[in-house]
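Below: one structure, written as structure tokens.
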Amino acid sequence: MIYLDHAATTPVRREVLEAMWPYLTGDFGNPSSHHEVGRAAATAVADARAEIAEWFGCRPAEVIFTSGGTEADNLALKGIALATPRGRHVITSAVEHPAVAESADYLVRHHGFERTIVPVDAHGLVDPAVFARELRDDTTLASVMLANNEVGAVQPIAELARLARDHTIPFHTDAVQAAGWLEIADLGVDAMTVSGHKLGAPKGIGALFVRSGIPLEPVVHGGGQERGRRSGTENVAGIVGLAAAVRLAAADRLERVARVSSARDAFIDRVLATVPGAVLTGPREPRLPASASFCFPGTSGESVLLQLEERGITCSSGSACAAGSDEPSAVLVAMGIPSEVAQTAVRFTLGDDVTADELESVAQSVVAAVAAVTSLRR
Ligand code: PLP
């Protein structure tokens, strides 16, 4: 089987599991306990926090561990918006993950906020000039993702963050898909979400960076862990695993980006040249190195996926959360792609170790899969 759904999740790396093992066994303590077993766990969390802070380009006290990307997005959106007295207006883009979009809707439904959804162009990109026009005196928070999970579009986040800063508006970015691939330390944002399982750590661990001085109302209340910003006994092994995954991702990032993007480019070229009518969704650049997403007009994305699965290739039609839904992808529709075309979407997201030969055989299977679906529909 060739697994090309790394945007949905990645396997846990062996080194990550090995780093976690002691904290699931011998050093199993609760970091809040004042005895030796607890202290060992607290030290491991502190060390991991320092490493992750360096990756974020922030101070350790500005890192909040969460149960994943969804919780971190919820905390950023609700926590910052509800704690900031300046107004009741939030800005998001039209292509956000539901963890951001639904949190913004919650603020509208339950707290009287107004939400402005900034449109994207045909490639899924936000135009900074359009974004700038929406910034208001009563804007409490703006949130635009760093890279899109369905089409790999990389947004001009440094520029958007600078525009928000000029208006002293807190700016959050969801970096779940970008983390591990792109440099995230110098974006100038006030808050940023990452998730472990997209970069070789387990599911159920994530982190939110919140710049000190940005007010934050907790969403999860309890024992006051994470400096009162996120209660609940820390997922010590997960936190250690996240730090290990970050270390591994940082070590060979540039080499990996160069290798995977060149394999991806060859794959995209091959599919566009050999599959009749195939369209790339999202921009050629700036694009996540591992992302290749298409529409195959005249087919059904779900049928193409089944055909590919029969040929040993695992990929998806879009985001894992929307799998099996009959609705066309909101991201593709926001890009102006007609619903009937959006329903033919297939997303391939590559892993670190993908080879050009493997992708050549995948491209051949795509030709066969699309031909099979097209002939069945005639
Ligand atoms: N944000 C983006 C862009 C994602 O792609 C995902 C997961 O697919 C999430 C947030 C949610 O992260 P998690 O699965 O850790 O809750």
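We count ligands from 1, going down the list as the structure has it; atoms in each ligand are counted the same way. Atom set for the values below is all heavy atoms of this structure, side chains included, hydrogens, waters and symmetry mates excluded.
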> What is the minimum heavy-atom distance between Phe267 and Leu359, and which atoms define it?
Replying inline: CD1-O, 3.6 Å
> Is the number of heavy atoms from other residues, nucleotides or ligands under 6.0 Å of Arg14 CZ greater than 12?
Replying inline: no
> Counting only heavy atoms not in Arg227, do more than 12 fall under 6.0 Å of its CZ?
Replying inline: no
> Is Lys203 near ligand 1, meaning one of its heavy atoms is under 4.0 Å from it?
Replying inline: no
>> For ligand 1 and Ala147, I'd like to know whether there is a polar contact (N/O to N/O, distance under 3.5 Å).
In response: no
Check each atom of ligand 1 against the heavy atoms of [X] and keep those under 4.0 Å away; list them by number with element.
{"X": "Met145", "result": "3 (C)"}
{"X": "Asp73", "result": "1 (N), 10 (C)"}
{"X": "Thr70", "result": "11 (C), 12 (O), 13 (P), 16 (O)"}
{"X": "Gly68", "result": "15 (O)"}
{"X": "Ser195", "result": "13 (P), 15 (O)"}

> Any side-chain donor-acceptor pair under 3.5 Å between Thr139 and His89?
Replying inline: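 Looking only at side-chain atoms, His89 and Thr139 do form a donor-acceptor pair, the distance falling under 3.5 Å.
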> Just checking, is any N or O donor in the side chain of Ser316 or Asp5 under 3.5 Å from an acceptor N or O on the other one?
Replying inline: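 Yes, Asp5 and Ser316 have a side-chain donor paired with an acceptor closer than 3.5 Å.
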Have a look at ligand 1 and work out which part of [X], if any, has a heavy atom under 4.0 Å from it: side chain, backbone, both or neither.
{"X": "Val100", "value": "neither"}
{"X": "Lys198", "value": "side chain"}
{"X": "His197", "value": "side chain"}

> Which ILVMFWY residues can you reach from Tyr3 by hopping between side chains whose heavy atoms are under 4.5 Å apart?
Replying inline: Met1
> Checking Thr173 side chain against Met192 main chain: does a donor-acceptor pair fall under 3.5 Å?
Replying inline: no
